[in-house]
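Data block below; observations after.
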Amino acid sequence: MTQTSPAQRRELPSTWNPADVEAELYQRWVDAGYFEADANSDRPPFSIVIPPPNVTGSLHIGHAFEHTLMDLLTRRRRMQGYEALWLPGMDHASIAVQALVERQLREEGIDHRELGREGFLERVWQWKEQHGGAILSQMRRLGDGVDWSRERFTMDAGLSRAVNTMFKRLYEDGLIYRAEQLVNWSPNMRTAISDIEVEHREVEGELVTMRYGDGDSALEVATTRVETMLGDTAVAVHPEDDRYRHLVGTEIELPLTGRTIPVIADEHVDPTFGSGAVKVTPAHDPNDFEIGRRHDLPMPTIMDEGGRIADTGTRFDGMDRFEAREAVREALREQGRIVAEKRPYVHSVGHSSRSKEPIEPRLSMQWFVRVGPLAKAAGDAVRDGRVEVHPPELAKRYFDWIDNLHDWAISRQMWWGHRIPIWYGPNGEVVCVGPDEEPPTGEGWHQDEDVLDTWFSSGLWPFSTMGWPDDTADLRKFYPTSVLVTGYDILFFWVARMMMLGLYGMSDRSPEEAVPFRRIALHGIVRDKHGKKMSKSSGNTVDPLQWIDTYGTDAVRFTLARGANPGADAPMSDEWVAGARSFVTKLFNATRFALGKDAFAPERLPDRAELTDADRWILDRCDALVTEVDELLEDFQFAKTVEALYHFTWDEFCDWYVELSKVQLDEGGRRAEHTRAVLGRVLDVLLRLLHPITPFVTEVLWTALTGRESVVVAEWPVPTGEPADAAAAGRIDALRRLVTEIRRFRADQGVKPNQRVAADLEGLETVGLVGHLPAVRSLARLDAPGEGFNASSSMRVGLADGEVTVGIDLSGAVDVAAERKRLTKDLEAARKELDGTEKKLNNPSFTEKAPAEVVDKIRSRRQTALAEIERLNTRLESLPES
RNA sequence: GGGCGCAUAGCUCAGCGGAAGAGCACCUGCCUUACAAGCAGGGGGUCGCUGGUUCGAUCCCAGCUGCGCCCA
């Protein structure tokens with residue numbers, strides 16, 4: 001047995017003030033290089049890439065949540081001896097940053113277009129250096145054990161090279177193409193966005209029905225966007241619709257434009273909706289676009305990039321789309337062409353998830369990724385188990401989505417981002433220029449003006465950050481990453497893109513090794529304490545940094561981990577963080593107590609035979625805890641892990657073992673010495689288990705306890721393999737029940753918790769608690785019966801192996817009514833139990849069909865109930881009349 | 001419109017075929033030398049509704065109601 005010499009010990013402060021030590025501890029960890037991974041080590045790899053936060057972002061509660069889980073997983077693996085890498089970084093957020101810097105420039109009175117592309121980008125980089133990445137310093141406050149030496153940014157040279165390489169490969173494989181297509185257009189940002197960046201929201205608009213043509217050939221069509229009529233090139237009806245059959249093939253006058261348009265028949269028209277005739281605006285509506293294609297209709301674009309009516313040759317040109325909506329409607333009204341108006345008319349409208357404005361379907365030339373083969377491979381990787389989705393229920397959602405994916409619009413009409421590496425020649429040449437190639441020079445050559453969707457570079461994140469396309473030591477060691485921790489809300493945006501591009505980019509590897517991650521741990525979003533989504537508009541957002549200031553990082557992390565059920569949302573409130581702080585304080589105080597009693601972390605425990613029931617019980621429980629925590633964490637059951645640790649720490653270790661240890665310490669000698677070892681061992685294990693969740697307090701306590709360097713690099717506990725001592729556990733269980741019953745009796749009788757009363761205990765030998773008499777007396781605050789002892793009241797406690805009679809000297813002040821009430825209540829419960837069990841046992845189908853062990857269990861419960869009733873009745877009868 | 005999920009103690013959530021659980025909140029009593037950010041004790045639920053399967057249903061199945069999410 002070795003012992004930490006007092007000299008090695010670090011002193012604990014008398015109270016725990018996280019703010020005093022957190023920053024210093026974190027810096028110490030970074031300086032010591034604990035978080036830096038070595039690609040050349042022999043240890044088995046464990047790697048996580050951070051879901052890159054937006055360079056404009058600051059730490060919000062969702063980051064804190066996700067980071068806590070990742071840090072927890074990484075710290076545990078590090079302690080388990082893995083070469084653990086948690087790779088940090090940010091993405092460049094093309095649209096958000098461009099908007100931000102454009103706005104800044106406007107405030108200075110500068111139009112970014114005047115500045116030119118180069119000048120503008122200079123300003124963006126300037127902004128990035130000065131204000132970008134606030135989140136990185138905030139991550140330190142959370143205690144994130146990331147490898148700062150590997151920090152990455154999607155616009156870094158290396159990652160840009162990866163983007164360029166990927167583009168070129170896809171292009172040459174025919175998986176990237178350019179086409180004029182209807183895309184989701186953001187007039188505010190003047191760019192195309194992809195399908196997933198569109199959110200559908202119910203809005204109150206109007207449904208206007210208008211009449212095209214006149215007399216017999218008139219048709220009524222309805223729309224929520226009247227202004228689009230300026231771009232109509234047909235009216236469509238169902239081919240089987242008898243009402244309109246005679247009109248098909250004729251031309252009809254399109255009001256306000258001086259044009260006539262054909263009436264066509266198309267099977268996709270729903271004859272039961274409205275009048276059964278629909279206006280067709282191919283350049284501004286997805287369904288109409290399809291109709292236009294089928295019928296080879298002209299597709300005039302009637303809006304400019306900013307959402308203003310253009311090129312219609314009408315007086316509406318130049319009007320904003322919403323202004324035009326009213327103006328066109330009123331113009332039609334003047335002509336008596338408005339047939340009906342429904343207002344408000346609630347319908348679903350696509351909005352840009354970035355700028356929040358209604359998107360405008362717009363025909364334009366864009367670059368697309370042909371997702372077919374990529375999506376198939378991405379689906380298969382999950383289908384054949386190379387990538388596990390946790391919780392598995394969410395895999396279905398992944399399949400539903402990835403198996404029905406549309407081609408991905410990747411060009412953005414922006415300057416900030418990876419410029420599309422395509423050069424156009426004077427004679428219509430199109431050349432894709434790879435990263436190490438020289439672009440064509442000469443008259444008339446120019447590069448595509450657009451940049452790539454930010455998700456394109458984020459999709460390469462798991463390998464571009466490790467040096468791809470080069471064959472690097474990092475890639476060899478850490479790819480595929482071990483687990484991806486992210487929100488289910490981003491499954492489509494990001495996870496699917498990494499799957500597609502990862503499998504494609506790494507296709508020179510075996511299918512098993514090409515996947516970007518082996519497991520996907522999905523979490524939900526953080527909600528408020530009423531389960532409401534946090535949002536600025538409802539004013540229920542919280543600032544994790546403010547919580548850290550108030551309660552300490554450990555408390556915040558503990559709360560977040562405690563709320564993390566697989567795939568489920570996590571409700572959060574400051575009351576719960578306060579509760580977590582109490583836990584941290586409890587742990588601190590318990591350790592302080594132990595150290596005050598000279599507890600130490602022994603290398604070897606004393607021989608089991610030398611230990612008490614209490615020692616063996618708590619050590620066995622501790623062993624079971626290690627197993628439980630391991631099992632839960634392998635399954636990403638964070639909430640249950642925290643629950644198990646909380647319960648053990650508070651309800652078993654602090655409430656019982658620490659109290660029992662006081663009795664043992666009082667005995668002195670070898671008993672006290674062994675108790676110090678057990679206290680130290682349990683704390684040693686417990687602090688290590690808790691470290692990934694609450695890194696700061698455990699670091700302080702564990703180094704104080706052990707005198708060793710840091711718990712960050714301590715070994716993760718493993719079960720001892722010692723068989724649990726069931727007999728000891730049974731006796732401790734009996735002890736706890738006996739003590740609780742006595743406390744209950746005392747409370748009923750109005751005896752103050754701190755008041756010692758004389759009591760006589762009979763029957764301890766039958767329940768195996770003779771040796772525990774001092775403990776019972778200590779925990780139940782009983783004195784040995786002395787001179788003139790008079791058991792004015794007595795109680796019988798039924799335990800597994802018998803019963804104990806406790807005679808208590810209450811100096812005559814017996815509250816008979818309270819006692820009667822209690823006994824009556826217990827009696828009622830016992831009778832109910834008897835009824836229930838007898839009913840079952842009297843049912844022949846039950847005794848015949850139920851498994852034998854269940855029947856036995858019910859029989860024994862009936863026996864217990866009978867004994868209990870007998871005991872309570874005897875006691876009730878013996879009570880004096882009140 | 002299509003799909004998925006959830007309804008369990010005042011609140012937030014576990015449990016998911018054989019005795020209703022936790023945290024917080026609540027009530028009572030305690031500053032008992034680790035801890036009042038604490039200790040001891042206590043109250044509180046026909047497990048959304050209606051049927052069905054089963055010896056037995058909070059748990060499985062069907063329908064209904066009410067919420068939530070995703071997609072169009």
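So that the names make sense, note that chain A is the first sequence line, chain B the second, and so on, each numbered from 1. Side-chain atoms are counted along with the backbone in the values below, which use heavy atoms only and exclude waters and symmetry mates.
For B/A37, the base has a donor-acceptor partner in the side chain of A/Thr585 [N/O atoms by modelled type, under 3.5 angstrom].
For the pair A/Arg859 CZ and B/C55 C1', the computed distance is 14 Å after rounding to whole Å. Atom CD in A/Glu659 sits about 9 Å away from atom P in B/C39, given to the nearest Å. Between the P atom of B/G41 and the CD1 atom of A/Ile742 lies a distance of 12 Å, rounded to the nearest Å. Regarding A/Leu595, its CG atom lies at a distance of 14 Å from the P atom of B/A34, rounded to whole Å. When rounded to the nearest whole Å, the span between NZ of A/Lys832 and P of B/U46 equals 11 Å. In this entry the distance linking CG of A/Asn589 with C1' of B/U33 reads 12 Å, nearest Å. Put simply, NZ on A/Lys529 is 12 Å from C1' on B/G10, counting in whole angstrom units. Summarising the geometry, the separation between CD on A/Glu833 and P on B/G18 is reported as 15 Å, rounded to the nearest angstrom.
Here the separation of B/U28 from B/G44, taken at their C1' atoms, is 15 Å to the nearest Å. Rounded to whole Å, the P atom of B/G18 lies 28 Å from the corresponding atom of B/C24. B/C59 and B/C6 have their C1' atoms separated by 15 Å, with the value rounded to a whole Å. Look at the P atom in both B/G23 and B/G41: the space between them is 13 Å, to the nearest Å.
A search for side-chain contact (heavy atoms from CB on, under 4.5 Å) contacts involving A/Glu659 returns A/Lys662, A/Leu779, not counting sequence neighbours.
Ring orientation note: the planes of A/Phe583 and A/Trp650 are tilted relative to one another, at an angle of 30° to 60°. Between A/His390 and A/Phe636, the ring planes are perpendicular. Angles over 60° get that label, and only those under 30° would be called parallel.
Residue contacts shown for A/Lys597 are absent, as no nucleic acid heavy atom lies under 4.0 Å away. Within the 4.0 angstrom heavy-atom criterion, no nucleotide atom of any strand lies near A/Val751. Residue-level contact check: A/Pro753 touches the bases, meaning some heavy atom is under 4.0 Å from a base atom. Counting any heavy atom pair closer than 4.0 Å across all strands shown, A/Gln755 reaches no nucleic acid atom. Looking at heavy-atom distances under 4.0 Å, A/Lys533 makes no contact with the nucleic acid at all. Using a 4.0 Å heavy-atom criterion, one finds that A/Arg861 contacts the bases of the nucleic acid, with or without backbone contacts as well. In this structure, A/Arg562 reaches the sugar-phosphate backbone alone: every heavy-atom distance under 4.0 Å involves primed, P, OP1 or OP2 atoms, never a base. The residue A/Glu199 sits apart from the nucleic acid: no heavy atom pair falls under 4.0 Å. Backbone-only engagement by A/Arg744 is indicated by non-hydrogen atom pairs under 4.0 Å involving sugar-phosphate atoms exclusively. When heavy atoms are screened at a 4.0 angstrom cut-off, A/Ser348 is found touching base atoms of the nucleic acid. Nucleic acid contact for A/Pro844: none, since no nucleic acid atom lies under 4.0 Å from a heavy atom of the residue.
We find that A/Arg744 and A/Asp748 are not joined by a salt bridge, their nearest charged nitrogen and carboxylate oxygen being 4.0 Å or further apart. At a threshold of 4.0 Å, the pair A/Lys840-A/Asp835 does not count as salt-bridged, since none of the basic side-chain nitrogens sits closer than that to a carboxylate oxygen.
Taking every side-chain heavy atom of A/Asn565 into account, B/C13 is the closest of B/G18, B/C13, B/C35. With B/A14, B/C24, B/A37 as the candidates, the nucleotide lying closest to the side chain of A/Tyr646 is B/C24. Closest approach to the A/Cys654 side chain among B/C55, B/A34, B/G38 is made by B/A34 (side chain taken as heavy atoms from C-beta onward). Among B/G41, B/C35, B/U32, the nucleotide with an atom closest to any side-chain atom of A/Arg781 is B/U32. Side chain of A/Ala590, nearest nucleotide from B/A34, B/A37, B/G29: B/A34. The A/Arg743 side chain lies nearest to B/G41 when the options are B/G41, B/A19, B/A34. Listed nucleotides B/A37, B/G23, B/C30 differ in distance to A/Lys752; the shortest reach to its side chain belongs to B/C30. Here the side chain of A/Lys586 is nearest to one of B/C39, B/C31, B/G18, namely B/C39. Side chain of A/Asp655, nearest nucleotide from B/A40, B/G41, B/G38: B/A40. With B/G42, B/A37, B/C24 as the choices, the nucleotide that has an atom nearest any side-chain atom of A/Glu575 turns out to be B/C24.
Mapping A/Val658 and A/Gly579 onto RNA chain B by nearest heavy atom places A/Gly579 closer to the 5' end of the strand. Each of A/Pro851 and A/Thr15 was assigned the nucleotide of RNA chain B with the nearest heavy atom; the assignment lying further toward the 5' end belongs to A/Pro851.
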Output the pairing pattern of RNA chain B as a dot-bracket string, 5' first, Watson-Crick or G-U wobble with both distances under 3.5 Å, | for cross-strand pairs, [ ] for crossing pairs.
((((((((.[[[[.)..(..]]]].(((((.......))))).....[[[[[..)....]]]]]))))))).

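When the side-chain nitrogen and oxygen atoms of A/Trp16 are compared with OP1 and OP2 of B/A34, none of them lie within a distance under 4.0 Å. Contact annotation: A/Lys849 side-chain N/O to B/G18 OP1/OP2 distance is not under 4.0 Å.
Using modelled atom types, one finds no donor on one side chain facing an acceptor on the other under 3.5 Å when comparing A/Gln664 with A/Ser661.
Proximity of a side-chain donor or acceptor of A/Arg746 to a complementary backbone N or O of A/Ala780 within less than 3.5 Å is detected.
The shortest heavy-atom contact between A/Val806 and A/Ala759 is CG1-CB, 4.3 Å.
Taking the ring centre of A/Trp408 as origin, the terminal cationic atom of A/Arg497 falls inside the region bounded by 6.0 Å and 45° from the ring axis.
Sorted by first and then second residue, the salt bridge (charged side-chain N to carboxylate O under 4.0 Å, His left out) pairs with a member in residues 560-584 of chain A read A/Arg527-A/Asp569, A/Lys529-A/Glu575, A/Arg562-A/Glu643; sequence neighbours excluded.
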